[in-house]
K.L.:
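First the structure, then my questions, so here it is.
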Amino acid sequence: MTEPTVSLEALRQRIDALDNDILRLISERAACAQRVAEIKTDREPGALFYRPEREAQVLRRIMELNKGPLDSEEMARLFREIMSACLALEQPVKVAYLGPEGTFTQQAAIKHFGESAISLPMAAIDEVFREVEAGAVNYGVVPVENSTEGVINHTLDSFMDSGLRICGEVVLRIHHHLLVAETTRRDKVSRIYSHPQSFAQCRKWLDAHFPQAERVPVSSNAEAARLVKTEWHSAAIAGDMAAQLYGLAKLAEKIEDRPDNSTRFLIIGNQDVPISGEDKTSLVVAMRNQPGALHDLLEPFHRHQIDMTRLETRPSRTGVWNYVFFIDFKGHREEPRVAAMLEEVQLRAAEVKVLGSYPVGVL
């Protein structure tokens, strides 16, 4: 037996031994999770099992400790799935998302909660809010802004009428593909289906490669993928999940105009999230209609050296030409300097509603 063969066999034996260790340790972790569930249930019936701040701390710690060769994000994704499976032993998490199946919102839900969560598609953003408010699900996942097309106004407006809190965020890199079915005549594509935002994000590519094709807007990219299955001359713009769900092939990959095209999604729920160590806070503020109102709103942020990451305006429901401000900033509402800043803003504003403090997205 040659030396390379012996070395290969030894490595395989070592991998088998490591797999046995990994299996044993994952089983031990799962048993610990079950014990945690028993203790929590004994102490507090109806206790929360999913802790957003705890999961964020664990994933950050894993990424800091990782020495390679696997990328830190890849390692964190592996641990996310282990944590998701262990949590399902304690109490499966039910999550509503903006559907149908195969959308980027479903992909975001899986990225945040893992494959073991029970995810339920909803037809509209307000339905996601209603399901969480009614207690039918534990959490909801809704899109809030895209790096190319800006904010999702429907999501912002839903917060104005809801008592739900933001419990987390997830940022998803959006890759669009031009998808076709087995029966599609690829040289005869004359119609392309997609969501209006996806058309906007791929406008330049479409102008260059399919300038004559009819662009038909539909309610979601997953719906676009479904329609293509029944037509020989059409294609769809959608992502990997829709391609897998409907068995479509990629005629062209990553056709988005901007390679950094990303969408931010919010996790909504009924709980306040404790400090995780790296947090963000969102609030909505209504100012009195008077000169210098915007300056009065922003000045406390500057003086307390709080980093504002987003400022959006939306029409107020209380009167014509009145506006409210949606604000994101770094920090947690329980931190002393953030609490002091919020107290000053409340004195200057007509109304302040804290939508939630939550961990900055880890993955």
Side-chain angles (χ1 to χ4, degrees), residues 46 48 50-53 93-100 103-106 108-109 112-113 117-146 150-172 197 219-220 263-274 279-287 297 308-319 322-329 332-334 338 342 345-346 349-361:
L48 295 171
Y50 174 70
R51 297 288 299 273
E53 80 287 356
V93 175
K94 294 179 71 174
V95 182
Y97 67 90
L98 178 62
T103 60
F104 287 114
T105 312
Q106 183 186 20
H112 189 82
F113 290 100
I118 300 169
S119 54
L120 304 171
M122 298 292 134
I125 287 173
D126 4 9
E127 287 187 28
V128 177
F129 274 79
R130 278 198 296 270
E131 287 294 293
V132 182
E133 288 168 341
V137 297
N138 304 109
Y139 299 97
V141 182
V142 290
V144 69
E145 63 178 324
N146 176 264
V151 297
I152 314 298
N153 290 326
H154 196 165
T155 298
L156 297 186
D157 291 343
S158 296
F159 278 113
M160 295 171 68
D161 299 322
S162 174
L164 295 180
R165 269 91 82 191
I166 301 173
C167 302
E169 67 171 2
V170 55
V171 178
L172 193 67
Q197 277 219 339
S219 59
S220 71
T263 297
R264 178 174 170 240
F265 299 83
L266 296 178
I267 313 302
I268 55 174
N270 286 294
Q271 69 191 89
D272 288 318
V273 181
D279 300 288
K280 186 182 287 185
T281 299
S282 298
L283 64 154
V284 57
V285 181
M287 296 297 291
L297 169 61
M308 184 183 295
T309 58
R310 185 168 67 98
L311 174 66
E312 299 287 343
T313 59
R314 291 291 297 149
S316 171
R317 306 270 176 94
T318 60
N322 288 335
Y323 293 87
V324 296
F325 299 94
F326 284 86
I327 299 171
D328 291 342
F329 61 88
H332 194 283
R333 63 187 299 182
E334 294 177 7
V338 173
L342 287 174
V345 171
Q346 286 172 337
E351 184 181 357
V352 176
K353 181 180 180 182
V354 179
L355 302 179
S357 292
Y358 48 92
V360 172

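Since this is a predicted model, take the numbers as computed values, not measurements. The first residue in the sequence is number 1, and the count goes up from there.
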K.L.:
Any side-chain heavy atom of Tyr358 sitting closer than 4.5 Å to one from Ile267?
P.N.:
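Result no, sub-4.5 Å side-chain heavy-atom pair not found.
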K.L.:
Rounded to the nearest 0.5 Å, how far apart are CD of Glu53 and OG of Ser357?
P.N.:
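One gets 12.0 Å once the value is rounded to the nearest 0.5 Å.
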K.L.:
With rounding to the nearest 0.5 Å, note down the distance linking CD in Glu133 to OG in Ser158.
P.N.:
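Spacing of CD (Glu133) from OG (Ser158) equals 9.0 Å.
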K.L.:
Do Arg165 side-chain atoms and Asn270 backbone N/O form a donor-acceptor pair below 3.5 Å?
P.N.:
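A pair under 3.5 Å: yes.
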K.L.:
Using a distance-only test with no angle check, is there a side-chain donor-acceptor pair under 3.5 angstrom linking Thr263 and Asn146?
P.N.:
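Yes, Asn146 and Thr263 have a side-chain donor paired with an acceptor closer than 3.5 Å.
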K.L.:
Thr313 side chain to Val324 main-chain N or O, any donor-acceptor pair under 3.5 Å?
P.N.:
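A pair under 3.5 Å: no.
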K.L.:
Using the ring pair (Phe, Tyr, Trp, His ring centres under 6.0 Å) definition, which of the options Tyr139, Tyr97, Phe159 pairs with Phe129?
P.N.:
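Answer to the ring pair (Phe, Tyr, Trp, His ring centres under 6.0 Å) test with Phe129 among Tyr139, Tyr97, Phe159: Phe159.
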K.L.:
Minimum heavy-atom separation for Pro100 to Ser220, with atom names?
P.N.:
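Scanning both residues completely, I find the closest heavy atoms to be CD-OG, 3.1 Å.
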K.L.:
Give a yes-or-no answer on whether the side chains of Asp328 and Ser282 include a donor-acceptor pair shorter than 3.5 Å.
P.N.:
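Yes - a donor-acceptor pair under 3.5 Å links their side chains.
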K.L.:
Might you point out which heavy atoms bring Ile268 and Cys167 nearest each other, and give the distance in Å?
P.N.:
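The answer is C-SG, 4.4 Å.
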K.L.:
Which heavy atom in Ser119 sits nearest to a heavy atom in Gln106, and how many Å separate them?
P.N.:
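Heavy atoms of Ser119 and Gln106 come nearest at OG-NE2, 4.3 Å.
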K.L.:
Taking all atoms of both residues into account, what is the closest heavy-atom pair of Lys94 and Leu120, and its distance?
P.N.:
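Residues Lys94 and Leu120, closest heavy atoms: CE-CD1, 4.2 Å.
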K.L.:
List the atom of Pro143, the atom of Thr105, and the distance in Å for their closest heavy-atom pair.
P.N.:
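Closest heavy-atom pair between Pro143 and Thr105: CD-OG1, 4.2 Å.
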K.L.:
Go through the steps to decide whether Leu172 and Arg264 satisfy the test side chain to side chain contact (heavy atoms under 4.5 Å, CB included), and finish with yes or no.
P.N.:
CA-CA 6 Å; Leu172 193 67; Arg264 178 174 170 240; over 6 Å; no
K.L.:
State, yes or no, whether a side-chain contact exists between Arg51 and Pro274 at a heavy-atom distance under 4.5 Å.
P.N.:
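Yes, their side chains come closer than 4.5 Å.
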K.L.:
Can you tell whether the side chains of Arg310 and Glu145 come within less than 4.0 Å, N to carboxylate O?
P.N.:
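A salt bridge links Arg310 with Glu145.
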K.L.:
Atom CG of Asn138 and atom CD of Glu131: how far apart are they, to the nearest 0.5 Å?
P.N.:
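It is 11.5 Å, given to the nearest 0.5 Å.
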K.L.:
For Val128 and Ala96, which heavy atoms make the closest approach, and how far apart are they?
P.N.:
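Residues Val128 and Ala96, closest heavy atoms: CG1-O, 3.8 Å.
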K.L.:
Which of these passes side chain to side chain contact (heavy atoms under 4.5 Å, CB included) with Glu312: Val151, Val284, Ile327, Val144?
P.N.:
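That would be Val151.
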K.L.:
Name all residues meeting the side-chain hydrogen bond (donor to acceptor under 3.5 Å, both in side chains) criterion together with Ser219; count only those two or more places apart in sequence or in a different chain, and write none if there are none.
P.N.:
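Expected list: none.
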K.L.:
NE2 of His154 to CG of Asp126: how many Å apart, nearest 0.5 Å?
P.N.:
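These two atoms lie 3.5 Å from each other.
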K.L.:
Checking Arg333 against Leu342 for the side chain to side chain contact (heavy atoms under 4.5 Å, CB included) test, could you report, in this order, the C-alpha distance in whole Å, the side-chain angles of both residues, the deciding distance, and whether it holds?
P.N.:
CA-CA 8 Å; Arg333 63 187 299 182; Leu342 287 174; 4.0 Å; yes
K.L.:
What's the spacing between Ile152 CD1 and Phe265 CZ if we round to 0.5 Å?
P.N.:
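It comes to 8.5 Å.
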K.L.:
Working note: Val93 + Ile118, criterion side chain to side chain contact (heavy atoms under 4.5 Å, CB included); need CA distance, chi angles, decisive distance, verdict.
P.N.:
CA-CA 6 Å; Val93 175; Ile118 300 169; over 6 Å; no
K.L.:
Would you indicate whether the side-chain heavy atoms of Phe326 and Met160 approach each other to under 4.5 Å?
P.N.:
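SC-SC contact between Met160 and Phe326 confirmed.
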K.L.:
Report the relative orientation of the aromatic rings in Tyr50 and Phe113; use parallel for angles under 30°, tilted for 30 to 60°, perpendicular for over 60°.
P.N.:
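Judged by the thresholds at 30° and 60°, the geometry between Tyr50 and Phe113 is tilted.
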K.L.:
Can you tell if the side chain of Val285 reaches within under 4.5 Å of the side chain of Met287, non-hydrogen atoms only?
P.N.:
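Side chain of Val285 against side chain of Met287, heavy atoms only: contact under 4.5 Å found.
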K.L.:
Please examine the side chains of Leu283 and Lys353, heavy atoms only from C-beta on, and report whether any two atoms are closer than 4.5 Å.
P.N.:
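No - every pair of side-chain heavy atoms lies 4.5 Å or more apart.
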K.L.:
Working note: Val141 + His112, criterion side chain to side chain contact (heavy atoms under 4.5 Å, CB included); need CA distance, chi angles, decisive distance, verdict.
P.N.:
CA-CA 9 Å; Val141 182; His112 189 82; over 6 Å; no
K.L.:
In Å, rounded to the nearest 0.5 Å, how long is the span from OG1 of Thr281 to NE2 of His332?
P.N.:
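Result: 6.5 Å between the selected atoms.
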